[in-house]
Asks: 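Input: one structure, supplied below.
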2 protein chains.
Amino acid sequence: MSAPALTKNQALVFDVLEKADGPLSAYTILDKLRDHGFRAPLQVYRALEKLLEYGVVHRLESINSFVACAHPGENCHSHGIVAFAICESCSQVMEFHDHEVDHRLMDWTKSKKFKAEKTTIEIRGLCEACAA
Amino acid sequence: MSAPALTKNQALVFDVLEKADGPLSAYTILDKLRDHGFRAPLQVYRALEKLLEYGVVHRLESINSFVACAHPGENCHSHGIVAFAICESCSQVMEFHDHEVDHRLMDWTKSKKFKAEKTTIEIRGLCEACAA
DNA sequence: ATCGCACACGTTATAGCATAACGCAATTGA
DNA sequence: TCAATTGCGTTATGCTATAACGTGTGCGAT
């Protein structure tokens with residue numbers, strides 16, 4: 001599950017995401033990689049699929065975008081549920097983990113015998129700077 | 001913020017969602033309402049926008065779909081954060097609330113001075129019946 | 001060695017989700 | 001009466017995501 005060496009396309013996509021200062025849509029990534037030979041959305045989506053699997057990139061469901069994981073080097077999957085705060089003004093994303101939240105959600109799923117595969121926690125709003 | 005009388009289109013859309021036994025996409029709703037004169041996506045999206053505002057319908061960000069609120073009559077906005085467990089096999093949705101989770105997330109946002117507007121919690125996986 | 005398999009890749013086409021922009025009609029309240 | 005608001009209908013368009021096909025490459029098993 002930890003990340004093997006990235007292929008060329010995967011490395012290109014990851015690089016774009018790491019250098020970006022906020023989440024990017026797949027099509028934005030595509031545009032940024034046209035100079036590197038990217039022509040079609042699938043090239044981006046296929047790379048993203050792997051990067052998500054390796055845990056080095058996260059998908060933000062509520063805005064259909066992707067961000068590099070905030071913990072370079074580590075495998076984010078081992079941190080429990082990942083939560084995001086997304087500023088709707090400047091689009092900065094803060095990533096955090098809260099074990100108590102994980103615990104409460106796991107309690108609930110256990111009590112319902114629900115087998116959780118993937119959990120999304122996203123808070124949209126305004127960051128401190130933008131709320132001023 | 002509590003729901004005023006629904007317009008014709010809003011009532012039609014709400015009715016479809018209430019009678020469905022799972023979440024529906026906007027285009028599925030559209031198809032179900034063609035016999036009632038619906039022709040275009042916007043008719044659905046505009047109704048949904050209001051129903052979401054009134055708190056009688058929820059949007060599931062991770063599957064681009066909509067469900068009627070599980071608390072008929074009440075205004076769901078007053079229950080704190082709404083969380084969903086979505087079965088990826090039978091697509092049943094369970095809606096629940098956990099004040100401790102709300103509390104932890106609010107603590108975090110306060111500590112970061114982040115002004116939360118809308119929070120999404122969605123757990124995808126398998127319900128008890130489908131996990132068997 | 002070569003066969004079969006898994007995987008990454010490229011391309012074209014298509015499916016699925018969402019909104020912009022225009023105009024019309026009904027309601028309301030100054 | 002006039003202006004503002006809200007809902008509605010239509011056309012067109014844009015954004016997001018995947019299906020289906022084929023190619024090439026590496027690699028282990030027979």
Side-chain angles (χ1 to χ4, degrees), chain A residues 1-17 20 22-54 56-67 86 88 91 118 120 122 124, chain B residues 1-17 20 22-54 56-67 86 88 91 118 120 122 124:
Chain A
M1 192 64 108
S2 112
L6 300 182
T7 66
K8 183 157 176 286
N9 284 3
Q10 288 160 19
L12 285 167
V13 169
F14 182 64
D15 202 51
V16 166
L17 281 174
L24 300 178
S25 76
Y27 278 72
T28 303
I29 296 169
L30 174 58
D31 286 338
K32 286 179 184 291
L33 288 176
R34 291 207 187 272
D35 292 346
H36 294 267
F38 275 47
R39 319 291 317 273
L42 259 190
Q43 295 174 279
V44 176
Y45 281 109
R46 288 204 273 231
L48 285 172
E49 187 181 11
K50 288 301 179 185
L51 295 171
L52 290 167
E53 188 182 319
Y54 302 152
V56 297
V57 161
H58 301 294
R59 176 192 183 100
L60 301 175
E61 308 279 1
S62 63
I63 57 173
N64 297 318
S65 295
F66 304 84
V67 280
I86 306 164
E88 296 187 301
S91 86
K118 176 85 175 62
T120 296
E122 294 175 18
R124 294 182 302 301
Chain B
M1 192 65 106
S2 113
L6 300 182
T7 66
K8 183 158 176 286
N9 283 3
Q10 289 161 19
L12 285 167
V13 169
F14 182 63
D15 203 51
V16 166
L17 281 174
L24 301 178
S25 77
Y27 278 71
T28 303
I29 296 169
L30 173 59
D31 286 338
K32 286 180 183 290
L33 288 175
R34 291 206 188 272
D35 293 345
H36 293 269
F38 274 47
R39 319 292 315 275
L42 260 190
Q43 295 174 279
V44 176
Y45 281 109
R46 288 205 272 232
L48 285 172
E49 185 180 13
K50 287 301 179 182
L51 295 170
L52 290 167
E53 187 182 320
Y54 302 153
V56 298
V57 161
H58 300 295
R59 177 193 182 97
L60 301 176
E61 307 279 2
S62 63
I63 57 173
N64 297 318
S65 295
F66 304 84
V67 280
I86 306 165
E88 296 187 302
S91 86
K118 176 83 175 64
T120 296
E122 294 175 19
R124 294 182 302 300

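Here is how names work: the chains are called A, B, and so on, in the same order as the sequence lines, proteins then strands, and each is numbered from 1.
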Asks: Does B/Tyr27 make a side-chain donor-acceptor contact with the base of C/dA15, cut-off 3.5 Å?
Replies: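 Checked by distance alone, the answer is no.
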Asks: Which whole-number value in Å describes the distance from B/Leu48 CG to D/dG7 C1'?
Replies: 15 Å
Asks: Would you please confirm or rule out a distance under 4.0 Å between OP1 or OP2 of D/dA17 and any side-chain N or O of A/Asn64?
Replies: yes
Asks: Check for a donor-acceptor pair, side chain of B/Ser65 on one end and backbone N or O of B/Ile63 on the other, with a separation under 3.5 Å.
Replies: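 Answer holds: yes.
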Asks: Whole Å only: how far is the CG atom of A/Leu30 from the C1' atom of D/dG14?
Replies: 15 Å
Asks: Which residue lies toward the 5' end of DNA chain C, A/Lys50 or A/Arg39, if each is placed at its nearest nucleotide?
Replies: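 Here A/Lys50 is the residue nearer the 5' end.
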Asks: Can a side-chain donor-acceptor contact be found between B/Arg124 and A/Thr120 if the only test is distance below 3.5 angstrom?
Replies: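 Present: a donor and an acceptor within the cut-off.
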Asks: Between B/Thr7 and B/Ala40, just flag the one whose closest nucleotide in DNA chain D comes earlier from the 5' side.
Replies: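 The answer here is B/Thr7.
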Asks: Supply the atom-to-atom distance B/Tyr27 OH to B/Tyr45 OH, rounded to the nearest 0.5 angstrom.
Replies: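 If I round to the nearest 0.5 Å, the distance is 5.5 Å.
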Asks: I need the CZ-P distance between A/Phe38 and D/dA17, as an integer number of Å.
Replies: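 It is 16 Å, rounded to the nearest whole Å.
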Asks: Using the side chain to side chain contact (heavy atoms under 4.5 Å, CB included) definition, which of the options A/Ile29, A/Asp31, A/Val13 pairs with A/Phe38?
Replies: A/Val13
Asks: So A/Arg46, base contact, sugar-phosphate only, or nothing? Heavy-atom distance under 4.0 Å.
Replies: base
Asks: Measure the distance from NZ on A/Lys8 to C1' on C/dG10 and round it to the nearest whole Å.
Replies: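 Computing the A/Lys8:NZ to C/dG10:C1' distance gives 12 Å.
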Asks: Take the protein atom CD of B/Gln43 and the nucleotide atom C1' of D/dT11, then report the distance between them rounded to whole Å.
Replies: 12 Å
Asks: Look at the side chain of B/Asn9 and decide which nucleotide, out of C/dA18, D/dA17, D/dC8, has an atom nearest to it.
Replies: D/dC8
Asks: Test your reading of the model: is there a side-chain donor-acceptor pair from A/Glu122 to the backbone of A/Ser62, 3.5 Å cut-off?
Replies: yes
Asks: Start at the 5' end of DNA chain C and walk down; is the nucleotide closest to A/Pro41 or to B/Leu42 reached first?
Replies: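 Its nearest nucleotide being more 5', the pick is A/Pro41.
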Asks: Calculate the interatomic distance between A/Tyr45 atom OH and C/dT14 atom P; express it in whole Å.
Replies: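 Rounding to the nearest Å, OH of A/Tyr45 and P of C/dT14 are 19 Å apart.
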Asks: Quickly work out the B/Ile63 CD1 to C/dC17 P distance and round it to whole Å.
Replies: 10 Å
Asks: Can you tell me the distance, in whole Å, between the CG atom of A/Leu52 and the P atom of D/dA17?
Replies: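 The answer, rounded to whole Å, is 11 Å.
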Asks: Measuring from the side chain of A/Arg59 (C-beta onward, heavy atoms only), which nucleotide among D/dA17, C/dT12, C/dA8 has the closest atom?
Replies: D/dA17
